[in-house]
Colleague: 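Dropping the structure in here first, questions after.
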Amino acid sequence: MAIAVIRVSLVAVGLVWVLAAQTVLAGDAQRYVKPGSQAAHSAACVEETNFMRRNHMELIKHQRDSTVHHGIRSTKHSLAGCVNCHVSVSPEGQALAINGRDQFCGACHAFSAVDVNCFGCHANVPRGGLLSPAALAAHGDATAGARPSPGQFMSDTPGPATGRAGGQ
Amino acid sequence: MKHQEAPLDPSLGSPPDPTLNAGPDQSRRAFLGIAAGATAAVVAPAFVLQAQAVGNPRAERVSDAHRWGLLVDTNRCVDGCRACVDACDQENGLDLQRKQPDQSEAEWDTQKAVWLRKVKLQDNLTGRVSNLPMMCQHCEHPPCVDVCPTGASFKRADGIVMVDRHTCIGCRYCMMACPYKARSFIHEVVEDQLTRVPRGKGCVESCNLCVSRRDQGLDSTACADACTALGHRAILFGDLKDPASAISQALRTMPSRQIREDLDLNTGVRYAGV
Ligand code: SF4
Ligand code: SF4
């Protein structure tokens with residue numbers, strides 16, 4: 001009888017611990033996903049949250065090779081995407097460096113004592129856009145035909161095939 | 001949607017400094033600057049929307065069906081004009097570089113990253129002077145790739161020569177191997193790099209033919225656009241493998257050459273009028 005009581009209470013204590021641990025995890029998630037960031041309003045990350053916790057570095061590493069060497073920019077596992085979604089904003093409207101010790105990447109990496117080297121080269125806030133303002137402006141121009149045609153290249157009078165190149 | 005980039009990014013949307021350019025078409029240039037600023041202001045509040053609305057991000061591997069290149073008509077390149085250089089700097093965040101407080105101007109000049117420079121050539125016999133922009137020539141047989149001990153310096157399938165900064169150890173062999181002085185080393189910590197151009201201390205870098213524009217489906221480079229916008233039209237970008245492209249047609253009809261053609265590198269950047 002006494003043994004049974006002890007056993008039941010041990011199980012109960014265990015259950016309480018599990019519950020507590022889950023509460024802490026949920027609290028963690030809330031602490032790390034910054035209020036005000038886009039991620040705070042999303043139902044889910046690009047993959048399941050627990051999977052992302054353990055494997056985000058593998059996804060990013062895979063994507064880095066396919067982007068740098070093969071030019072693939074369409075996949076959802078881009079570091080720029082992480083930053084864009086998880087960056088938080090100061091009350092003054094300034095984006096806060098995501099690798100700061102109290103920010104999304106920085107806080108978790110400080111807790112787990114793992115250096116995050118990404119931001120030696122990568123922007124730690126969304127900066128400058130995926131295309132430059134000049135590219136956006138010129139892209140509009142391109143549809144209006146502002147790019148030189150082969151004939152215009154080298155010619156002084158803009159127009160189709162009137163220059164030396166087109167005339168020869 | 002509050003986390004916008006505009007407050008962080010004062011340099012990109014602002015009109016270019018008119019004193020830097022001696023080109024004739026200042027009013028158009030000023031207008032373009034304002035237009036660019038307006039575009040930045042409009043798109044800034046929606047970073048994600050901006051990326052989705054305009055770019056056409058590449059989903060398939062680059063292939064050797066294309067080879068990107070440039071043709072520069074040195075006859076049209078204007079002495080004193082820096083539009084292409086400034087455009088390159090802004091495109092790639094090089095205008096955000098700052099001199100170290102303890103550095104002399106002379107030292108800074110030799111150490112700051114330069115992807116595109118204006119070069120003046122003089123024929124000593126005739127005295128004829130030509131101007132040309134000089135960047136990585138995107139060699140078919142790049143010496144920088146040959147010497148790299150880690151494989152960081154590589155040629156993409158579409159002919160763009162780049163550095164994979166993840167594997168670059170900063171040994172700078174490639175800088176010594178390049179016959180065109182095209183490469184730069186980043187000596188100091190970089191704090192304010194752009195999202196589209198990651199760059200940091202300890203790596204070598206050089207012109208990548210505006211690779212982010214390539215991968216978003218745009219059809220020109222920052223330098224060529226800037227030159228065209230001023231009306232000089234000295235730089236033409238295009239696909240060397242497409243016989244119908246503007247650059248292939250121009251190459252077929254006008255005399256052009258490679259700089260240091262004796263090295264047999266089959267450069268992707270060609271020059272007319274030199
Ligand atoms: S120009 Fe220089 S950096 Fe560019 S591919 Fe040739 S050797 Fe390499
Ligand atoms: S500096 Fe970097 S890219 Fe150049 S040779 Fe050394 S490792 Fe290769």
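Please read all numbers here as calculations on a predicted model, not as lab measurements. Chain identifiers are assigned alphabetically (A, B, ...) following the order of the sequence lines, protein sequences preceding nucleic acid strands; residue numbering begins at 1 within each chain.
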Colleague: Quick one: does B/R213's side chain have a donor or acceptor within less than 3.5 Å of a partner on B/G217's backbone?
Modeller: no
Colleague: Can you tell which of A/G120, A/G81, A/C118 has the highest number of heavy-atom pairs within less than 4.5 Å of chain B?
Modeller: A/G120
Colleague: Using heavy-atom distances under 4.5 Å, tell me whether B/A222 contacts chain A through its side chain, its backbone, both, or neither.
Modeller: neither
Colleague: Can you pull the ring-ring contact (aromatic ring centres under 6.0 Å, His included) pairs that have at least one residue in residues 118-137 of chain A, sequence neighbours excluded?
Modeller: none
Colleague: Indicate whether the side chain of B/S220 and that of B/D225 have a donor and an acceptor atom separated by less than 3.5 Å.
Modeller: yes
Colleague: Would you name the heavy atoms of B/C227 and B/A234 that are closest together and state the gap between them?
Modeller: SG-N, 3.1 Å
Colleague: Look at B/V197, B/D192, B/V190 and state which one has the largest set of heavy-atom pairs under 4.5 Å with chain A.
Modeller: B/D192
Colleague: When the side chains of residues 199-209 of chain B are checked against the rest of the protein, which donor-acceptor pairs come out under 3.5 Å, sequence neighbours left out?
Modeller:
residue, atom, partner, partner atom, Å
B/R199, NE, B/E205, OE1, 3.1
B/R199, NE, B/E205, OE2, 3.3
B/R199, NH2, B/E205, OE2, 2.7
B/E205, OE1, B/R165, NH1, 3.0
B/E205, OE1, B/R165, NH2, 3.1
B/E205, OE2, B/W115, NE1, 3.4
B/S206, OG, B/R183, NE, 3.4
B/N208, OD1, B/C210, N, 3.2
B/N208, OD1, B/V211, N, 3.2

Colleague: Is B/N92 in contact with chain A via its backbone, its side chain, both, or neither, using a 4.5 Å heavy-atom distance?
Modeller: neither
Colleague: Given a strict heavy-atom distance threshold of 4.5 Å, which part of B/V189 is in contact with chain A: side chain, backbone, both, or neither?
Modeller: neither
Colleague: Which bit of B/Q193 is near chain A, if near means a heavy-atom gap under 4.5 Å: side chain, backbone, both or neither?
Modeller: both
